[in-house]
Amino acid sequence: MVTPASDSDDRGGGPTTEVRRRPPQGESSPPTWGADLRAVRGEDLAVHPVEVAPRLLGAVLMVDDVAIRLTEVEAYCGPGDPGSHAYRRLTPRTRVMAGPVGSLYVYFSYGMHHAVNIVAHEAGEVGAVLLRAGEVVAGVTRAEGRRREIRRARGQSVAPLPHAHLARGPGNLAAALGLTRADSGARLDSLTPGTNHSSRLYHLLVPTTPVGSVRETGRTGVSGPGGDPENYPWRFALRGEASVSAYRRA
């Protein structure tokens, strides 16, 4: 089973890509951060997760009024992937990974935090992309408040966090967006407008052109063969981004 690490810093040098942004323009439609982004389409996600994952770098995921520009992701496949939750068999919890592409798979990790994946796979296959880290680009005050409340409940310091730390690590990213297991199974709105099981808004805008230099490593915190960086170099991160979390072998 995969239980990724969440919070430390690992930044490499290299080019970065500036995403042009302007504030949200309404509660019912996603904001626009520049002509280099468009709403995700089903065909973008209906390919192998290892192909999808790097294409999500620089994408913007917006849940209600908080948006995060993704800077780090990991690919996971089906029963043949020893690092995947779907390894060998699907369970009622993981069956969503075989469901419609663009669904959210949210699980609770270590009994401490949630992690969010976007389901992506070829027809008849199983897979998802774990969203490991990103930069909060809208709804900063709301994201800060969510992170602060969780830290207060754990008896941790509630001192202001550096902006780059708000969504660094999968647990922090999910917390900033306010995502929990209640959101698992919801689909991105551009794929099934008006049909989600909740009143929340889930928008994903993807880049239309490459966004910068990408670093590939093994998957963070994955034990056994699935964590082998030679056979599974399926963690992808934008170089030079302060929000990227540390790579750590299990």
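Note that the CG atom of L188 and the CE atom of M62 stand 13.5 Å from one another [nearest 0.5 Å]. Taking CZ of R132 as the start and CG of N172 as the end, the distance is 10.5 Å to the nearest 0.5 Å. Atoms OG1 and CZ, on T141 and R148 in that order, are 8.5 Å from each other to the nearest 0.5 Å. Here OG of S103 is found 11.5 Å from CE of M97. Values are rounded to the nearest 0.5 Å.
More than 12 heavy atoms of other residues, nucleotides or ligands shown are found within 6.0 angstrom of CZ on R154. Heavy-atom contacts from other residues, nucleotides or ligands closer than 6.0 Å to CZ of R142 number 12 or fewer.
Nearest approach of L204 to A59, heavy atoms of both residues: CD1-CB, 4.0 Å. Across every non-hydrogen atom of C77 and S84, the tightest pair is O-OG, 2.6 Å. Taking both residues in full, the closest heavy atoms of H121 and V126 are given as CB-C, 3.7 Å, listed atom of the first, atom of the second, then distance.
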Take T180 and H114 through the test side-chain contact (heavy atoms from CB on, under 4.5 Å) and record every step on the way to the result. CA-CA 6 Å; T180 70; H114 291 88; 3.7 Å; yes

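I150 and L177 sit in two unconnected hydrophobic clusters of ILVMFWY residues. Membership requires side-chain heavy atoms under 4.5 Å apart, directly or through other members. Cluster annotation: V137 is connected to L205 through the hydrophobic network of ILVMFWY side chains, with a link wherever side-chain heavy atoms come within less than 4.5 Å.
Between E144 and R147, no side-chain nitrogen of the basic residue sits less than 4.0 Å from a carboxylate oxygen of the acidic one, so the salt-bridge criterion is not met. Ion pairing between R200 and D183 holds under the 4.0 Å rule for side-chain N and carboxylate O.
Side-chain N/O atoms of E135 and T71 include no donor and acceptor closer than 3.5 Å.
In this structure, W234 and Y232 have perpendicular ring planes: the angle between them is above 60°, well past the 30° mark. Using the six-membered ring where Trp is involved, H85 and Y107 have ring planes that are perpendicular, over 60° apart on the 30 and 60° scheme.
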